[in-house]
S.K.: 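Supplied in structure tokens, the structure appears directly below.
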Amino acid sequence: MNEQQRIADWAEETLRGMTLEQKVGQLFVTWVNGQSADEAHPKNPDDFGARTAAEVVKKYHLGGVIYFNNEDRDNVESPKQIAELSNGLQQAAKDSETGVPLTVTIDQEGGTVTRIGAPATEYPGAMAIGAGRNTDNAASAATINGRELRAMGINQNYAPDADVNSNPVNPVIGLRSFGSDPKLVGDMVDAQIRGYQEAGTEGVSAAAKHFPGHGDAAVDSHDELPQIDRTAEEWRKIDAPPFRAAIDAGVDNVMSAHITFPNLDPSGDPATLSKPILTGLLREELGYDGVVSTDALEMEGVRELYTDAEIPVRALQAGVDQLVMPVDLDLAVNSVLDAVRGGELTEQRIDESALRILKQKAKRGVIENPFVDVDAVDKLVGNQENMDEVQRITDATTTVLRNDEDLLPIKDKPGSVLVAGWESTARGVAVTEDLAEHIGARGPETTTLTTGAEPTEEQINEAVAAAENVDTVVAVVGNAASSPGQVDLVNRLVETGKPVITVIADVPYDAGYLDSAKTVVTGYGYNKPTLEALTKVLFGETAPQGKLPVEIPDGANPDQVRYPLGHGLTW
């Protein structure tokens with residue numbers, strides 16, 4: 001008997017032994033509160049009617065959980081703690097009536113979407129990897145990421161992002177996309193899926209997202225329901241190729257998008273709840289038969305048209321298997337049960353999804369090896385070999401867009417450098433301070449002035465005054481397209497006559513608005529390996545290798561291209 005048949009036989013036999021309640025439980029992935037499976041958490045009674053996360057797993061016969069590192073869902077303290085949490089939750093699942101281990105999931109894309117930071121290895125985001133143009137590097141980054149996640153007991157990663165970021169003002173995808181070229185994105189998606197999944201039971205299930213493609217959105221689906229106005233022909237040409245590549249690569253999971261796409265489904269339903277999109281296009285046209293998951297069901301994009309009781313039922317009717325993060329788990333589970341008992345859903349439909357989920361777990365070795373060695377975590381996660389390899393990969397991504405004054409590479413090391421400008425208020429990261437630390441390690445005395453996303457006139461004047469007392473100025477911008485103050489800051493610093501290097505720390509589209517900046521560099525992010533790679537380029541330790549993975553329009557004339565796809569200077 002081959003492995004595929006063995007997995008199918010096990011899944012079917014297990015399914016036959018399950019009650020309806022147990023099968024429905026397998027379809028749900030929820031957040032958990034706290035950093036331990038067995039400690040009571042004050043939010044659990046209100047969220048789940050239980051004291052501990054372990055009790056939640058047993059109560060609802062859960063199929064999966066998802067980890068976060070924010071104030072509301074503080075699951076992340078250290079790699080070893082995460083491994084202990086995973087083991088505790090898996091023990092609860094093993095001790096439950098079904099005895100089926102959990103799909104333990106996370107959003108660990110790299111770059112700006114990083115739930116587990118240092119001392120775990122930090123990774124460049126997708127757009128940086130796209131700039132590197134190297135599929136072997138893309139696969140290597142995913143392999144390391146997947147192995148570290150698995151060492152912490154996580155067996156599914158909601159990555160890679162398969163969206164083609166064709167809209168420069170997209171507020172939610174941006175750096176999370178490999179680029180604006182469908183073939184480039186498809187090649188990188190294929191490589192990363194291989195990296196995640198070819199490690200077998202030492203890797204994780206990958207999830208290509210967000211089907212049918214979130215790249216042309218103009219609003220954030222966390223807050224409202226975007227509408228994509230492409231034609232069906234344009235969708236097949238632009239958005240579909242990366243998902244075809246993902247399916248050809250054998251991706252375990254495809255995540256839906258909370259977007260409307262009238263030319264694919266004129267009903268106005270979000271794709272997550274659309275049978276024409278999830279069954280008609282994904283299942284039938286593209287031939288996908290793996291697990292389909294929803295994006296988080298607590299997002300406003302999926303909640304605009306239907307109630308929280310209707311959403312999980314409609315998602316299953318559309319073709320979804322894995323229901324992620326409903327607002328009210330108890331309501332969602334009972335809504336599905338009621339729909340089966342009332343005839344809106346058949347038990348056969350539940351069986352189809354439960355069977356796919358069970359097969360995925362068996363395929364990734366979760367059934368046979370749900371637990372991890374806690375004592376081995378510190379050796380496997382964030383080790384020097386992994387960090388060195390990721391730094392090598394990141395070093396190939398920095399892109400120099402403009403070097404009109406021949407400032408780069410810096411030939412005479414400055415004695416003093418002012419680093420002024422943007423910080424990521426959403427993530428609490430003072431990019432100026434982090435970049436100054438990397439520059440200072442090369443010898444210059446550094447001064448920082450963090451002006452934030454909206455510099456005031458007073459802050460700009462302060463930066464100009466500080467520039468008079470240093471040899472070189474580094475101006476940091478992020479999303480300057482929507483911040484005239486950041487553009488004004490750069491203009492005023494350039495007017496001082498000091499050498500000014502402008503660093504774009506977020507989406508590279510800012511370059512279309514920086515008319516006065518003569519020296520412009522982007523690293524597509526601001527985590528440690530990204531800023532180290534960028535600093536190496538500034539000081540001539542490495543040559544810039546990155547090529548733009550997107551087209552950058554002229555800020556004043558968006559129909560005109562200022563920097564074409566593939567642009568990037570080197571020396």
S.K.: Would a 4.5 Å heavy-atom cut-off, applied to side chains only, mark Y158 and V324 as touching?
M.R.: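 Result yes, sub-4.5 Å side-chain heavy-atom pair found.
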S.K.: In Å, rounded to the nearest 0.5 Å, how long is the span from CG of N383 to CD of E389?
M.R.: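 Rounded to the nearest 0.5 Å, the CG-CD separation comes out at 11.5 Å.
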S.K.: Looking at every heavy atom in both T397 and A128, which two are closest together, and how far apart are they?
M.R.: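 Minimum heavy-atom contact is CG2-O, 3.1 Å.
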S.K.: Start with the C-alpha gap between Q156 and D252, add the side-chain angles, then the distance that decides, and say whether side chain to side chain donor-acceptor pair (under 3.5 Å) holds.
M.R.: CA-CA 9 Å; Q156 177 173 292; D252 283 355; over 6 Å; no
S.K.: Run the side chain to side chain donor-acceptor pair (under 3.5 Å) test on R230 and S166 for me, step by step, so that the C-alpha distance in whole Å, both residues' side-chain angles and the decisive distance to 0.1 Å come before the verdict.
M.R.: CA-CA 11 Å; R230 296 200 205 283; S166 53; 2.4 Å; yes
S.K.: Nearest 0.5 Å, what's the NZ-OG distance between K361 and S205?
M.R.: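 One finds 10.5 Å between NZ of K361 and OG of S205.
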S.K.: Would you call E298 and R73 a salt bridge, taking side-chain N to carboxylate O under 4.0 Å as the test?
M.R.: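 Yes, charged N to carboxylate O under 4.0 Å.
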S.K.: Run T114 and Y123 through side chain to side chain contact (heavy atoms under 4.5 Å, CB included) and show every step you take.
M.R.: CA-CA 8 Å; T114 297; Y123 308 88; over 6 Å; no
S.K.: Can you tell me how far CZ of F261 sits from CG of D265, rounded to the nearest 0.5 angstrom?
M.R.: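 Reported value, rounded in 0.5 Å steps: 11.0 Å.
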S.K.: Side chains of I552 and P508: closer than 4.5 Å at any heavy-atom pair?
M.R.: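 When only atoms from C-beta onward are counted, P508 and I552 do touch, with a gap below 4.5 Å.
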S.K.: Walk me through it: do T143 and R147 pass the test side chain to side chain donor-acceptor pair (under 3.5 Å)?
M.R.: CA-CA 6 Å; T143 296; R147 287 181 184 273; 5.8 Å; no
S.K.: Does the distance from a Lys or Arg side-chain N to an Asp or Glu carboxylate O, for K183 and D187, drop under 4.0 Å?
M.R.: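 Salt bridge between K183 and D187, a charged N being under 4.0 Å from a carboxylate O: yes.
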S.K.: Using only atom types and a distance under 3.5 Å, with no angle test, would you say the side chain of Q317 pairs donor to acceptor with the backbone of L345?
M.R.: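 No, Q317 side chain to L345 backbone: no donor-acceptor pair under 3.5 Å.
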S.K.: Taking atom types as modelled and ignoring hydrogens, do the side chains of T103 and Q360 form a donor-acceptor contact shorter than 3.5 angstrom?
M.R.: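 The answer is no; no qualifying pair exists.
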S.K.: Main chain of L281, side chain of Y288: is a donor-acceptor contact present, judged purely on distance under 3.5 Å?
M.R.: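 Checking the backbone N and O of L281 against the side chain of Y288, no donor-acceptor pair under 3.5 Å is found.
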S.K.: Would you call R150-E202 a salt bridge at under 4.0 Å N-O?
M.R.: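 The answer is no: the pair does not qualify as a salt bridge.
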S.K.: Checking the side chain of N253 only, and the main-chain atoms of V292 only, is there a donor and an acceptor separated by less than 3.5 Å?
M.R.: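 Not confirmed, N253 side chain does not pair with V292 backbone.
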S.K.: Grab the two heavy atoms, one from A162 and one from P242, that are nearest each other, plus how far apart they are.
M.R.: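 Scanning both residues, the minimum pair turns out to be O-CB, 3.3 Å.
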S.K.: Check this for me: does any side-chain nitrogen of one of E234 and K237 sit under 4.0 Å from a carboxylate oxygen of the other?
M.R.: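 K237 and E234: not salt-bridged.
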S.K.: Would you say F68 and V76 make side-chain contact, with heavy atoms under 4.5 Å?
M.R.: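 They are not in contact (no side-chain heavy atoms under 4.5 Å apart), so the answer is no.
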S.K.: Any chance the side chains of N479 and S482 put a donor and an acceptor closer than 3.5 Å?
M.R.: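 Distance-only check fails for N479 and S482.
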S.K.: Are there more than 12 heavy atoms of other residues, nucleotides or ligands under 6.0 Å from atom CD of Q4?
M.R.: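 Atom CD in Q4 is not packed in, count stays at 12 or less.
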S.K.: Could you give the distance from OH (Y509) to CG (N170), rounded to the nearest 0.5 Å?
M.R.: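 Nearest 0.5 Å value for the OH-CG distance: 8.0 Å.
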S.K.: Determine, for D289 against R356, whether the closest basic-nitrogen to carboxylate-oxygen distance falls under 4.0 angstrom.
M.R.: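 Here D289 pairs with R356 in a salt bridge, since their nearest N and O are under 4.0 Å apart.
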S.K.: Taking K209 first and then D107, would you say they form a salt bridge - that is, a charged N and a carboxylate O separated by under 4.0 Å?
M.R.: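 Salt bridge between K209 and D107, a charged N being under 4.0 Å from a carboxylate O: yes.
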S.K.: Quick check: does any side chain N or O of S177 sit under 3.5 Å from a backbone N or O of N165, one acting as donor and the other as acceptor?
M.R.: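 The answer is yes, because a donor-acceptor pair under 3.5 Å joins these two groups.
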S.K.: Test your reading of the model: is there a side-chain donor-acceptor pair from D163 to the backbone of H214, 3.5 Å cut-off?
M.R.: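 Yes.
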S.K.: Output, in order, the C-alpha distance, side-chain angles, deciding distance and verdict of side chain to side chain contact (heavy atoms under 4.5 Å, CB included) for L278 and R283.
M.R.: CA-CA 6 Å; L278 295 187; R283 295 283 191 210; 5.9 Å; no
S.K.: Going by heavy atoms in the side chains, are W422 and S483 under 4.5 Å from each other?
M.R.: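 Heavy-atom side-chain distance check fails, nothing below 4.5 Å.
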S.K.: Between L323, I350, L316, which is the residue that forms a side chain to side chain contact (heavy atoms under 4.5 Å, CB included) with V24?
M.R.: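 Single side chain to side chain contact (heavy atoms under 4.5 Å, CB included) partner of V24 among L323, I350, L316: I350.
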S.K.: Using atom types as modelled and distance alone, determine if a side-chain donor or acceptor of R303 lies under 3.5 Å from a backbone N or O of D308.
M.R.: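 Answer holds: no.
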S.K.: How long is the span from the CG atom in D74 to the CG atom in N69, to the nearest 0.5 Å?
M.R.: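 The CG atom of N69 is 9.5 Å from CG of D74, to the nearest 0.5 Å.
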S.K.: Write down the atom of V372, the atom of A83, and the distance for their closest heavy-atom approach.
M.R.: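 Residues V372 and A83, closest heavy atoms: CG2-CB, 3.8 Å.
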S.K.: Assess whether a salt bridge exists between R6 and E368, defined as any Lys/Arg side-chain N lying under 4.0 Å from an Asp/Glu carboxylate O.
M.R.: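 Result for this pair is yes, salt bridge flagged.
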S.K.: Supply the atom-to-atom distance S180 OG to M127 CE, rounded to the nearest 0.5 angstrom.
M.R.: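 One gets 7.5 Å once the value is rounded to the nearest 0.5 Å.
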S.K.: Answer whether the closest heavy-atom distance between the side chains of W31 and N70 falls below 4.5 Å.
M.R.: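 No; the side chains remain at least 4.5 Å from each other.
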S.K.: Counting distance only, does the side-chain N/O of T570 pair as donor-acceptor with the main-chain N or O of P544 below 3.5 Å?
M.R.: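 Checking the backbone N and O of P544 against the side chain of T570, a donor-acceptor pair under 3.5 Å is found.
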S.K.: Looking at G568 and K547, what are the two nearest heavy atoms and their distance?
M.R.: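 Between these two residues, the closest heavy atoms are O-NZ, 2.8 Å.
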S.K.: When you check the gap from the basic side-chain N to the acidic O, do D190 and R194 get nearer than 4.0 Å?
M.R.: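 A salt bridge is present here (some side-chain N lies under 4.0 Å from a carboxylate O).
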S.K.: How far apart are the closest heavy atoms of P553 and P168, and which atoms are they?
M.R.: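 Minimum heavy-atom separation between P553 and P168: CG-CG, 3.9 Å.
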S.K.: Quick one, Y306 and D269 - any side-chain contact, counting heavy atoms below 4.5 Å?
M.R.: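 Heavy-atom side-chain distance check passes, below 4.5 Å.
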S.K.: Is E284 salt-bridged to K275, cutoff N-O under 4.0 Å?
M.R.: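 Between K275 and E284 there is no salt bridge, as every charged N stays at least 4.0 Å from the carboxylate O atoms.
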S.K.: Test side chain to side chain contact (heavy atoms under 4.5 Å, CB included) on E300 and E224; report intermediate values, then the result.
M.R.: CA-CA 5 Å; E300 293 303 319; E224 55 187 302; 5.8 Å; no
S.K.: Report yes or no: does R133 contribute a side-chain atom to a donor-acceptor pair with the main-chain N or O of L548 at less than 3.5 Å?
M.R.: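 Yes; at least one donor-acceptor contact below 3.5 Å.
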S.K.: Apply the test side chain to side chain donor-acceptor pair (under 3.5 Å) to residues Y196 and N145: give CA-CA distance (whole Å), side-chain angles for both, the deciding distance (0.1 Å), then the verdict.
M.R.: CA-CA 8 Å; Y196 283 125; N145 191 3; 3.2 Å; yes
S.K.: Can you name the nearest heavy-atom pair linking A191 to A138, along with the distance?
M.R.: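 Nearest pair, atom of A191 first, then A138: CB-CB, 4.0 Å.
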S.K.: Could you tell me whether a side-chain N or O of T522 sits under 3.5 Å from a main-chain N or O of Y524, the two making a donor and an acceptor?
M.R.: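 Yes, the answer is positive, given that a donor and an acceptor are paired below the 3.5 Å cut-off.
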S.K.: Is there a side chain to side chain contact (heavy atoms under 4.5 Å, CB included) between W235 and L264 once you walk through the steps?
M.R.: CA-CA 9 Å; W235 173 78; L264 301 182; 3.9 Å; yes
S.K.: Does the side chain of R364 reach to within under 4.5 Å of the side chain of Q197, using non-hydrogen atoms?
M.R.: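 Counting from C-beta outward, R364 and Q197 do come under 4.5 Å.
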S.K.: Does R562 reach the main-chain N or O of G555 with its side chain, forming a donor-acceptor pair under 3.5 Å?
M.R.: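 Flag not set: sc R562 to bb G555 has no pair under 3.5 Å.
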S.K.: Does a side-chain heavy-atom distance below 4.5 Å link M325 with T30?
M.R.: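 No; the side chains remain at least 4.5 Å from each other.
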S.K.: When you check the gap from the basic side-chain N to the acidic O, do D434 and K528 get nearer than 4.0 Å?
M.R.: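 So D434 does not pair with K528 through a salt bridge.
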